[in-house]
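All chains are named by letter (A, B, ...) in the order of the sequence lines, taking the proteins before the strands, and each is independently numbered beginning at 1.
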There are 2 protein chains.
Amino acid sequence: MLDNSQYIEKLRSSGLRPTKQRIKICEVLFNSEKTFHFTINELVKRISKSTNDKISLATVYNTVHAFKNKGYLKEIPINSDQSYFDTNTSHHHHFYDETQKDLIDIDDADVEPVKINTRIPGKKIKSVEVLVKVEDDKS
Amino acid sequence: MLDNSQYIEKLRSSGLRPTKQRIKICEVLFNSEKTFHFTINELVKRISKSTNDKISLATVYNTVHAFKNKGYLKEIPINSDQSYFDTNTSHHHHFYDETQKDLIDIDDADVEPVKINTRIPGKKIKSVEVLVKVEDDKS
DNA sequence: CAACAGTTTAGAACTATTATAATGTAGAAA
DNA sequence: TTTCTACATTATAATAGTTCTAAACTGTTG
Ligand SMILES: [Mn+2]
Ligand SMILES: [Mn+2]
Ligand SMILES: [Zn+2]
Ligand SMILES: [Zn+2]
């Protein structure tokens, strides 16, 4: 929970001009106690609920990608027709409920550290993500 | 490495009519010693290299989805503009080279079994997939 | 063979995402 | 404060992977 001046500082220190659109998007993304997952469309809805000034879809895409590049958001790899993002940038994994198309954090304490005992020469590891797909238990 | 009569049997026993398109796609997918990863476009290219009879794009999509539903193919979750499929349906994980947009199997022996010590009530686990993103090592 | 459900197909439709290019603005310099 | 300019926003078009449609075709069964 930060106030606007802190977002302005955060944006400035990232080399991003603190425009009113970016500040608003910061509020929507980071002004809540709990982190959450979202698609671009869901974010657009959250934004329009919390302001009267419309932000164009292109700006939402641009800003989400900028924040992702700066490390303020993560993109979660799922097979879906749309991208999912996460305001929780700490190391953790996910359940994906295929029935409800819903992402759920797995507390990092509930997952044994994933050990990969092999490497690709000339490449370095950027991330290690576990996705646990679940479905309704009919049995 | 199976011959056509075995594909015909495999298709029949799955409730799929053994059409010449499906048999051809079986050959392209399963007639090699090594398993591999592919996108729909790459599969279309492989098909046209190995036959003169064109198979329509819609049929390729239909068949890949049918095979996936029958468990003959897996879809690999990646953030990409296109879907990746895998002819290796045994349990294993992947490196994804973001530079070359290339999927590489991780031998299951090189990964400690992933233990998830929590569940979602009413849901059962369908799959547990580890994706290790790598990039060029410039350091 | 006849009948029919399942399959293939070309092409249209759909939709998430990206590109374009004109307009606007934050921040620094004069 | 005014000017300047690189960066940002925006409406809109373009792109592209995927799915849909509906007509033609085919494998299977009786
Ligand atoms: Mn998909
Ligand atoms: Mn993406
Ligand atoms: Zn998360
Ligand atoms: Zn694989």
Exercise. Please tell me which of the listed nucleotides, D:dT9, C:dT17, C:dT8, lies nearest to the side chain of A:Ile40?
Key: C:dT17
To the nearest Å, give me how far apart [atom1] ([X]) and [atom2] ([N]) are.
X	N	atom1	atom2	answer
A:Ile55	D:dA8	CD1	C1'	12 Å
B:His65	D:dT19	NE2	C1'	9 Å
A:Lys101	C:dA16	NZ	P	12 Å
B:Tyr61	C:dA13	OH	P	18 Å
B:Leu11	D:dG27	CG	P	13 Å

Quiz item: Where along nucleotides 21-30 of chain C does protein come under 4.0 Å, by heavy atom, of base (B) or sugar-phosphate alone (S), with - for untouched nucleotides?
Solution: ----BBS---
Practice problem: May I ask you to check whether B:Asn31 and B:Tyr7 show a side-chain donor-acceptor distance below 3.5 Å? | Solution: yes
Self-check item: Side chain to side chain, A:His94 and A:Val132, heavy atoms closer than 4.5 Å
Solution: no
Quiz item: Parallel under 30°, tilted from 30 to 60°, perpendicular over 60°: which one fits the rings of A:Phe38 and A:Phe36?
Solution: tilted
Is [X] near enough to [N] that one of its side-chain N or O atoms lies under 4.0 angstrom from OP1 or OP2?
X	N	value
B:Gln21	D:dT26	no
B:Arg22	C:dT8	yes
A:Thr59	D:dT10	yes
B:Ser83	D:dT18	yes

Taking only distance into account, with no hydrogens and no angle test, what donor-acceptor pairs under 3.5 Å do side-chain atoms of residues 116-123 of chain B form with protein atoms, sequence neighbours excluded?
| residue | atom | partner | partner atom | Å |
| --- | --- | --- | --- | --- |
| B:Asn117 | ND2 | A:Glu112 | OE2 | 3.2 |
| B:Arg119 | NH2 | B:Ile116 | O | 2.6 |
| B:Lys123 | NZ | A:Asp97 | OD1 | 3.4 |
| B:Lys123 | NZ | A:Asp97 | OD2 | 2.7 |
| B:Lys123 | NZ | A:Asp136 | OD1 | 2.5 |

Quiz item: Does B:Asn88 reach the main-chain N or O of B:Ser90 with its side chain, forming a donor-acceptor pair under 3.5 Å?
Solution: yes
Quiz item: Contact class for B:Asn62 vs. all strands (heavy atom < 4.0 Å): base, sugar-phosphate, or nothing?
Solution: base
Quiz item: For the atom pair OG (B:Ser83) and NZ (B:Lys68), what is the distance rounded to the nearest 0.5 Å?
Solution: 7.5 Å
Practice problem: Taking salt bridge (Lys or Arg N to Asp or Glu O under 4.0 Å) as the test, write out the residues that go with A:Lys126, two or more places apart. | Solution: B:Glu98, B:Glu135
